[in-house]
Amino acid sequence: MTAQLFIDGAWHPATSGITLAVFNPSTGEQIARVASASAADVDLAVQAARRALPAWSQRPASERAGYLRAFAAEIEARSHALIELQMRNSGKPRHEAELDISDAIATFAYYAELAEGLDDRQNVAVALPDNSYQSFTRVESLGVVGLIVPWNFPLVTSAWKLAPALAAGCCAVLKPSELTPLIELQLGEIATAIGLPAGVLNLVPGAAETGAALVSHPQIAKLSFTGSNAVGRKVMQAAAGRTLPVALELGGKSPILVFADSDLDQAVEWVIAGICWNAGQMCSATSRLLVEDSIADALHARLAYALSKLKVSAPQVDGCAMGPMTSQAQLHKVLAYFAIAKQEGLRCLSGALPLPGPGWFVAPTLYADVPADSRLWCEEIFGPVLCSRRFTDEADAIRQANECDFALAATVISADRKRAMRVAAALEAGHVWINSAQVIYPHTSWGGGKASGIGRELGPWGLSAFQQVKHITVPSEEN
Ligand code: NAD
C-alpha cells in the first residue's frame with residue numbers, strides 16, 4: 001500500500017516521488033509506504049486552501065456545523081476499521097484505540113454544536129458609554145492554517161485542531177507525523193465521502209522537511225503545533241520572523257500526588273493508568289509520583305507488584321494492558337534512560353529492561369526515592385517510566401510538584417475532597433485531575449504553561465484560537 005497526498009479534494013503522488021516507510025511497532029514490520037510532501041506539494045496545498053477560503057469562511061457557520069457532524073458520523077461509521085488501524089500503526093491496546101476514536105467523534109460533534117451558535121455572534125452591538133457611535137462585533141476566521149501533529153495520539157490531536165479550525169471558517173493544511181500517518185490520511189477519504197468542498201482540508205504527510213516547508217510558507221495565517229519542545233522552538237522562531245500567531249502544545253513531566261488518606265489499591269490503578277496508558281507516550285503522563293512519607297513504602301510495594309504483573313504485548317493479544325513503544329527510536333530513547341538511571345545509581349523497584357521482540361517493547365518501570373536533580377526526575381522520557389519521591393505535608397507536596405520546567409497536567413489523590421481542591425488550585429498545570437486519571441472532555445481546555453506551551457485547545461478556547469475579532473464602528477443613525 002502506498003498512500004498519497006490529499007490536496008484540493010483529490011489524491012496525488014508526491015512531486016518528488018519520495019515515499020516514507022510506515023511500521024507496525026508490535027512486529028517491527030513495514031506495513032505501508034506514504035508519499036512525502038515536498039515544499040512544492042505544501043505550496044499546492046496552501047494554494048488550494050486559499051482558493052477554498054472565501055466560500056468556506058463566508059458560509060453560514062450552521063452549514064459548516066453540518067459538515068462537522070458528518071465528519072463525526074463518518075468516523076463512527078468507520079470506527080471498526082479505524083480502531084484496527086490505530087492498533088496496527090500505533091500499537092495501542094484495543095480499549096485505548098476505542099477511546100481515541102470516541103474522542104475524535106466527540107470532538108467533531110462538540111465543535112459542530114459551537115459552530116451552530118456562531119451565526120448569532122456576528123454583528124453583535126457593543127454597549128458604549130454614549131450614543132454618538134454604534135459598534136458591532138464580528139468573529140471571523142483567521143484564514144489558512146497550518147496544523148502539525150505528533151505520533152502519540154494520531155486522529156485525536158488532529159481532531160482537536162481540525163474541528164475548531166473548520167468550525168471557525170478556516171481552511172487547513174494538516175501534516176501528520178511520519179510515524180503514524182495512516183489514520184490521519186483516512187480524513188481525506190472521509191472528507192470525500194461527506195462532500196467537503198475541495199481545498200478546505202489538505203493532508204501533506206512527510207517528515208521534518210515537510211513540516212518546515214509548512215512552517216515557513218508565507219501564506220499561512222497561523223501555525224498550530226503539537227510536538228516536542230525542540231521542534232516547538234523552531235516553529236516559534238519561524239513564526240516570529242513573520243509575526244505569525246502560533247499555538248504550541250509541547251512536553252510535560254506531570255506530577256501525581258498521593259496523600260496518606262488514599263485507598264492504596266485505587267491509587268495504584270490511577271498511578272499506573274497515568275504512566276502506562278499508551279506505554280507512557282503521553283504529553284500528560286503523570287511520570288513524577290509524589291507520595292506522603294507514611295504510606296510511601298506500602299504504595300511502592302503495591303506498585304512494583306502491579307507493574308510486574310501488567311500484561312505487555314501486541315494489542316491483538318487477549319488481555320493486553322500495554323503495547324509497544326510506537327517507534328524504534330522511542331524504544332532506544334527509553335533504553336538510554338535506563339542506562340542513565342544505572343549511572344545515577346537510582347533504586348529500581350520494577351522493570352528497567354527491554355522485553356523480547358520482534359516488536360519494540362519495554363517493561364513498565366518504577367524508580368523510588370529519585371533525587372530531585374536526577375535527569376529522570378527532570379526530563380520528559382515519553383515511556384512507561386515512573387519516578388517517585390516522598391513528601392512530608394501538603395505544602396511540601398505542592399512545592400515539589402511545582403518545581404518543574406513543565407506545567408501541563410497533574411493528578412491529586414486524596415479522600416479529603418476539600419484538600420484535593422485546595423492542592424489542585426495551587427498546582428502549576430493546565431489540567432488537574434482529582435481521584436481519576438487522564439479524563440478529557442472536548443468541553444474542557446487542554447494546554448499548559450511554562451515549557452509545556454502556549455495557548456489552549458478544546459472547549460470554546462480551542463475555537464477562539466482560530467478566530468479573530470473585528471469591530472465595525474459607525475456614527476449612530478439618529479446623529
Ligand atoms: P516532534 O516534535 O518530533 O514532531 C512533531 C511533528 O513535528 C511531527 O509531525 C514532525 O514531523 C514535525 N516536525 C519535525 N521537525 C519539524 C520542523 N523542523 N518543522 C516543522 N515540523 C517539524 O514530536 P513527536 O516526537 O512527534 O511527539 C512527541 C512530543 O510531542 C512529546 O514531547 C510530547 O510531550 C509532545 N506532545 C504534546 C502534546 C500536548 O498536548 N502538549 C500532545 C501530544 C504530544
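Residue numbers run from 1 in the order of the sequence given. Start at 1 and go down the list; that is how both ligands and their atoms are numbered.
- In summary, the atoms of ligand 1 found under 4.0 Å from a heavy atom of N152, numbered by their order in the structure, are 43 (C), 44 (C).
- The shortest N or O to N or O distance between V235 and ligand 1 is not under 3.5 Å.
- A cation-pi geometry, defined here as NZ or CZ lying under 6.0 Å from the six-membered ring centre and within 45° of its normal, holds between R389 and W377.
- With a heavy-atom cut-off of 4.0 Å, T226 touches ligand 1 through backbone and side chain alike.
- Scanning all protein heavy atoms for the shortest distance to atom 41 (N) of ligand 1 gives L250 O, 2.8 Å.
- In terms of protein heavy-atom proximity, atom 1 (P) of ligand 1 is closest to S228 OG, 3.5 Å.
- When hydrogens are left out, the protein atom nearest atom 18 (N) of ligand 1 is K234 CD, 3.8 Å; that is the closest non-hydrogen contact.
- Looking from atom 34 (O) of ligand 1 to the surrounding protein, the closest heavy atom is E380 OE2, 2.6 Å.
- Remark: K342 NZ is loosely packed, at most 12 non-hydrogen atoms of other residues, nucleotides or ligands lying under 6.0 Å away.
- Interface of V231 with ligand 1, defined as ligand atoms under 4.0 Å from a residue heavy atom, comprises 2 (O), 13 (N), 14 (C), 15 (N), 16 (C), 17 (C), 21 (N), 22 (C).
- Residue, atom and distance of the protein heavy atom nearest to atom 27 (O) of ligand 1 are P150 CB, 3.2 Å.
- The side-chain tip of K92 points at the ring of F153 from less than 6.0 angstrom away and within 45° of straight on.
- For the atom pair CZ (R78) and CD1 (I75), the distance works out to 9.5 Å, reported to the nearest 0.5 Å.
- For the residues A230, S327, C283, the heavy atom positioned nearest atom 36 (N) of ligand 1 is part of C283.
- Every residue meeting the side-chain hydrogen bond (donor to acceptor under 3.5 Å, both in side chains) condition with K450, not counting sequence neighbours, appears here in chain and number order: E428.
- When every heavy atom of M322 is checked against every heavy atom of P384, the shortest pair comes out as CE-CG, 3.6 Å.
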> Can you list the steps and then say if E403 with R399 is a salt bridge (Lys or Arg N to Asp or Glu O under 4.0 Å)?
Replying inline: CA-CA 6 Å; E403 264 174 15; R399 182 188 57 76; 3.1 Å; yes
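- Given atom 21 (N) of ligand 1, the protein heavy atom at minimum distance is G211 CA, 3.4 Å.
- Which parts of ligand 1 touch V215 is read off a 4.0 Å heavy-atom cut-off, strictly below it: atoms 20 (C).
- Using a 4.0 Å cut-off to heavy atoms of W151, the atoms of ligand 1 that qualify are 24 (P), 25 (O), 26 (O), 27 (O).
- Ion pair K161/E457 flagged as a salt bridge, since at least one NZ, NE, NH1 or NH2 atom sits closer than 4.0 Å to an Asp/Glu carboxylate oxygen.
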>> Could you walk me through whether F382 and W151 satisfy the ring-ring contact (aromatic ring centres under 6.0 Å, His included) test, starting with their C-alpha distance in whole Å, then the side-chain angles of each, then the deciding distance to 0.1 Å, before giving a yes or no?
In response: CA-CA 12 Å; F382 227 54; W151 47 265; 5.4 Å; yes
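- Contact annotation: for F382 versus ligand 1, heavy atoms closer than 4.0 Å belong to the side chain alone.
- Of the protein's non-hydrogen atoms, E178 OE1, 2.7 Å is the one closest to atom 11 (O) of ligand 1.
- Just one of V145, V235, L248, L147 meets the side chain to side chain contact (heavy atoms under 4.5 Å, CB included) condition when paired with L223; it is V235.
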>> Could you walk me through whether D43 and H217 satisfy the side chain to side chain donor-acceptor pair (under 3.5 Å) test, starting with their C-alpha distance in whole Å, then the side-chain angles of each, then the deciding distance to 0.1 Å, before giving a yes or no?
In response: CA-CA 7 Å; D43 183 53; H217 196 289; 2.7 Å; yes
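- The aromatic ring centres of W446 and Y441 sit 6.0 Å or more apart.
- Between W446 and ligand 1 there is a heavy-atom distance shorter than 4.0 Å.
- With hydrogens left out, the protein atom closest to atom 19 (N) of ligand 1 is A212 N, 3.4 Å, a heavy atom.
- Counting heavy atoms closer than 4.0 Å to ligand 1, residue P176 contributes backbone atoms (N, CA, C, O) but none from C-beta onward.
- Close approach to V149 involves these atoms of ligand 1, each under 4.0 Å from a residue heavy atom: 6 (C), 8 (C), 9 (O).
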